[in-house]
Amino acid sequence: MSTPTTTLVQVPISAVPAQMFKITLAAQILQIALRQRATGLYADIWCGGTRVLSGVLCQDRTWLARNAATGLPGDLAFMDTQGTQNPQSTGLGTRYVLLWRSGWPA
């Protein structure tokens, strides 16, 4: 999930089915909305007040943006600390952690 030169930072999240929060990462203010639906956990992300991702299905160890063209200064991914299940709101922040990597791999 990371290269030897990539540092991953854990983003604090709560185990609730719907949440929105702001966090500064790579000198940018990101706003992240997470919501649990019957079909999975979904994310919306704003960078500097502009929505850059909307309705992204959150899956275990899968980058959310996957492309520098989104305007994000890096990428986010969920990781199941007890296996390889996709994230569910009841385990957010404990079993399912949200990780940030700054920059984009070459």
Side-chain angles (χ1 to χ4, degrees):
M1 185 169 198
S2 66
T3 63
T5 59
T6 302
T7 301
L8 298 176
V9 175
Q10 186 172 338
V11 175
I13 51 177
S14 301
V16 295
Q19 59 188 291
M20 183 179 286
F21 59 92
K22 290 183 181 180
I23 186 166
T24 301
L25 297 165
Q28 293 286 327
I29 297 174
L30 300 184
Q31 181 173 318
I32 301 170
L34 301 173
R35 64 191 176 287
Q36 182 70 56
R37 295 198 171 161
T39 55
L41 184 72
Y42 292 84
D44 297 331
I45 302 173
W46 293 258
C47 182
T50 301
R51 187 186 300 229
V52 294
L53 294 171
S54 184
V56 178
L57 178 62
C58 302
Q59 297 175 305
D60 183 53
R61 294 175 178 88
T62 301
W63 296 109
L64 297 179
R66 300 183 200 124
N67 192 314
T70 61
L72 286 175
D75 209 344
L76 295 152
F78 282 91
M79 186 176 81
D80 182 353
T81 62
Q82 299 174 15
T84 57
Q85 298 297 311
N86 290 332
Q88 296 293 313
S89 63
T90 54
L92 292 177
T94 53
R95 177 175 179 171
Y96 307 107
V97 294
L98 180 57
L99 301 174
W100 165 261
R101 76 166 175 206
S102 188
W104 293 92

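The analysis underlying the following values was restricted to heavy atoms, covering all of them including side chains, and did not include hydrogens, waters or symmetry mates. Each residue takes its place number in the sequence, starting with 1. Everything quoted here is computed from the prediction, not taken from an experiment.
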Task: Main-chain N/O of Ser14 paired to Gln19 side chain as donor or acceptor, under 3.5 Å - done: yes
- [ ] For Thr62 and Asp60, indicate whether the former's side chain and the latter's backbone hold a donor-acceptor pair under 3.5 Å.
- [x] yes
Please report the interatomic distance [atom1]([X]) to [atom2]([Y]), rounded to the nearest 0.5 Å.
| X | Y | atom1 | atom2 | result |
| --- | --- | --- | --- | --- |
| Leu57 | Arg37 | CG | CZ | 11.0 Å |
| Leu72 | Ile45 | CG | CD1 | 6.0 Å |
| Thr84 | Met79 | OG1 | CE | 11.5 Å |
| Thr90 | Gln36 | OG1 | CD | 7.5 Å |

Would you say [X] and [Y] make side-chain contact, with heavy atoms under 4.5 Å?
| X | Y | value |
| --- | --- | --- |
| Pro12 | Ile23 | yes |
| Ser54 | Trp46 | no |
| Phe21 | Ile13 | yes |
| Asn86 | Leu41 | no |
| Leu53 | Asp44 | no |
| Phe78 | Leu92 | yes |

Measure across [X] and [Y] and return the closest heavy-atom pair with its distance rounded to 0.1 Å.
| X | Y | value |
| --- | --- | --- |
| Gly83 | Arg61 | O-NH1, 3.1 Å |
| Cys58 | Pro87 | O-CD, 3.5 Å |
| Leu64 | Asp75 | N-OD1, 3.3 Å |
| Gly55 | Arg35 | CA-NH2, 3.9 Å |
| Arg101 | Leu8 | CB-CD2, 3.6 Å |
| Trp100 | Ala26 | CZ2-CB, 4.1 Å |

Task: Residue from Leu25, Leu30, Val97 passing side-chain contact (heavy atoms from CB on, under 4.5 Å) with Val11 - done: Leu25
Open item on the list: Does Ile29, at its CD1 atom, have more than 12 non-hydrogen atoms belonging to other residues, nucleotides or ligands within less than 6.0 Å?
Closed with: no
Open item on the list: Here's a test for you: under side chain to side chain donor-acceptor pair (under 3.5 Å), which of Gln88, Arg95, Gln85, Gln59 qualifies with Asp80?
Closed with: Arg95
